[in-house]
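No experiment lies behind these values; they were computed from the predicted model shown.
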Amino acid sequence: MARKARLPELPALGALDRQAGGLALQLTQALRVAIRRGDLRPGEALPSTRMLAQALRLARGTVVEAYDQLVAEGFLEARPGAGTRVAPLPDVPPVTPPVASPAPRLPPAAAALARIAADFRPLPHIPFAISVPLGPTAPDDAWRRLGNRLRARGAAAAAGYGDPQGALELRQAIAEHVRKSRSCRCDAAQVIVTGGTQQGLYLACQVLLGKGQSAWVENPAYGGITSILEQSGHGAVAVRVPVDDEGMVVGAGEQLAPYASAAFVTPSHQYPLGMPLSMTRREALLAWARKAGAWIVEDDYDSELRYSGHPFPAMQGLDPERVVYLGTFSKVLYPSLRLGYLIAPPALVAAFCGARVLMDRSPPGADQHVLAAYIGQGHLERHIRRVRSVYAEQRAQLIALLGQWLPAHLGRLQPSDQGMHLLLWLHPALDDRAVAQRAAAAGVAVRPVSPMFAAGTARPGLVLGFGGFSAHRLQQAARQLAAVIADSARDQAIAAA
């Protein structure tokens, strides 16, 4: 294929004062300063006199005069057939920089937001990062074929702005999917396509909470929701409600903040501990919400991946008028897809649409159509069955490996029969942040769990993702992690029980 000639870019020269006259002198000075400042570098090609004259709305003779003057001064060189270029300028002194002014003061939230960025930095795709779709857990060829077919027909490349709620065909597919798989009660008009669960949580905080209002949040909890409430700027207060083997302790929440405006929960698979919210607690939570006039935000985390019995039905189906339901395709397909969904109670649909418009107007269009077809043709359901089978084997393998190599007094696994991660509690004297850093240096990726607790309640532990890795890689990583923990224990002089 023939290569296209690269056209020189027009330099940024600033505005010329047409009222003052002497445009050729002004242009000469502007180019001279640009060269001295380094905006135009030695060897770079300049536009032709015709092109620059058209861009600046000048007579071509004016540009020719400026170029000739700069050639004479040695700033430019003109060669037949090669155009005009910046000449080497070893002896030209640079423009004196302006006197440095004091650096601007960082805004109050800058440091906290920088810490959030560090906490959420993606882990490398090595064990035990969560949600790494490799090999049999990656989307099958049907996804690629559907994408190629839809894009070739133009259906996945709409030219105008999209609906803030998302493509209708995807919303219809989602409504049908959650009706069958999660016992949700909704229609496409209640579905809002999001950029994943994180965006859904942010929208829920914007819509449901005002200044000074409080919201129940599990303790421990996903850092995405606690960070939103701490840094969103609208002054809502996070009330950390403890979690036990049945999930969020509703009675404790009623004592701490009986008239909170909302409760954020992960009832299908509590993050990070892993247990489901019992039916007794679900009923108690709904009873409290009705009494307090509060909303429930249900993050249906890992609901598709239960390995013992059928997944629990969603809370949304128990009270569709009060529950805001959040789901995502990032975990079962691949994280970079960045497509999730929010099911709003009918009374809140317009408010969520308004919040969505202020955030990013509408979700990206192309993959929505591919995903709609993938769901509608039954590929997603088959993919989830395949992933569940693979993850069940990998989960069982990791449990066995840790039991083999990690001494019981240094770590124990939190009981759980769902999801794509396990929680490994560490000996109380160990620092899980330090262990995570040490593991990273050894080529093992884990997240510490202590930052997910409220201040003063933390326990050390590690979140271990097991999905998408071969048996050999899991074996190597488990052995290495056990050695890291043992070394950390020796440094702390932790003796066997």
Pairwise side-chain hydrogen bond (donor to acceptor under 3.5 Å, both in side chains) hits with a residue in residues 443-458, at least two apart: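 Those involving residues 443-458 are Asn219-Thr457, Asp432-Ser450.
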Test of understanding: with side chain to side chain contact (heavy atoms under 4.5 Å, CB included), list the residues that count as partners of [X], not counting sequence neighbours.
X      : answer
Gln54  : Arg50
Asp163 : Gln165, Arg171
Arg185 : Gln316, Pro320
Ala396 : none

4.5 Å side-chain heavy-atom contact, Pro448 and Asp431: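 When only atoms from C-beta onward are counted, Asp431 and Pro448 do not touch, as no gap falls below 4.5 Å.
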Side-chain heavy atoms of Met420 within contact of Gln394, under 4.5 Å: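 Sidechains of Gln394 and Met420: no contact.
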Sequence-distant partners of Trp288, ring-ring contact (aromatic ring centres under 6.0 Å, His included), two or more places apart: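 Checked Trp288 against ring-ring contact (aromatic ring centres under 6.0 Å, His included); matches are Trp216.
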Results of ring-ring contact (aromatic ring centres under 6.0 Å, His included) for His427 - residues two or more places apart only: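 His427 satisfies ring-ring contact (aromatic ring centres under 6.0 Å, His included) with no other residue.
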Test salt bridge (Lys or Arg N to Asp or Glu O under 4.0 Å) applied to Arg306 - qualifying residues, sequence neighbours left out: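 Residues passing salt bridge (Lys or Arg N to Asp or Glu O under 4.0 Å) with Arg306: Asp417.
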Residue pairs, two or more places apart or on separate chains, that pass salt bridge (Lys or Arg N to Asp or Glu O under 4.0 Å) and touch residues 276-293: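 Sorted result for residues 276-293: Asp244-Arg281, Arg290-Asp319.
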Qualifying salt bridge (Lys or Arg N to Asp or Glu O under 4.0 Å) pairs, either residue in residues 325-345, two or more places apart: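 Passing the test, one end in residues 325-345: no pairs.
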Minimum-distance pair of heavy atoms, taken over all atoms of Arg240 and Leu256: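 Heavy atoms of Arg240 and Leu256 come nearest at O-CD1, 3.6 Å.
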Listed partners of Tyr341 passing side chain to side chain donor-acceptor pair (under 3.5 Å), at least two apart: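 Counting only residues at least two positions away or on another chain, Tyr341 forms no side chain to side chain donor-acceptor pair (under 3.5 Å).
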Do any side-chain atoms of residues 461-474 form donor-acceptor pairs under 3.5 angstrom with protein atoms, and if so which ones, sequence neighbours left out?
| unit_1 | atom_1 | unit_2 | atom_2 | d |
| --- | --- | --- | --- | --- |
| Ser470 | OG | Arg473 | N | 3.2 |
| His472 | NE2 | Gln476 | NE2 | 3.3 |

Residue of the set Tyr271, Phe128, Tyr222 for which ring-ring contact (aromatic ring centres under 6.0 Å, His included) holds with His421: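 Among the candidates, only Tyr271 passes.
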Ring geometry between Trp425 and Phe453 (parallel below 30°, tilted from 30 to 60°, perpendicular above 60°):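 Phe453 vs Trp425 ring planes: tilted.
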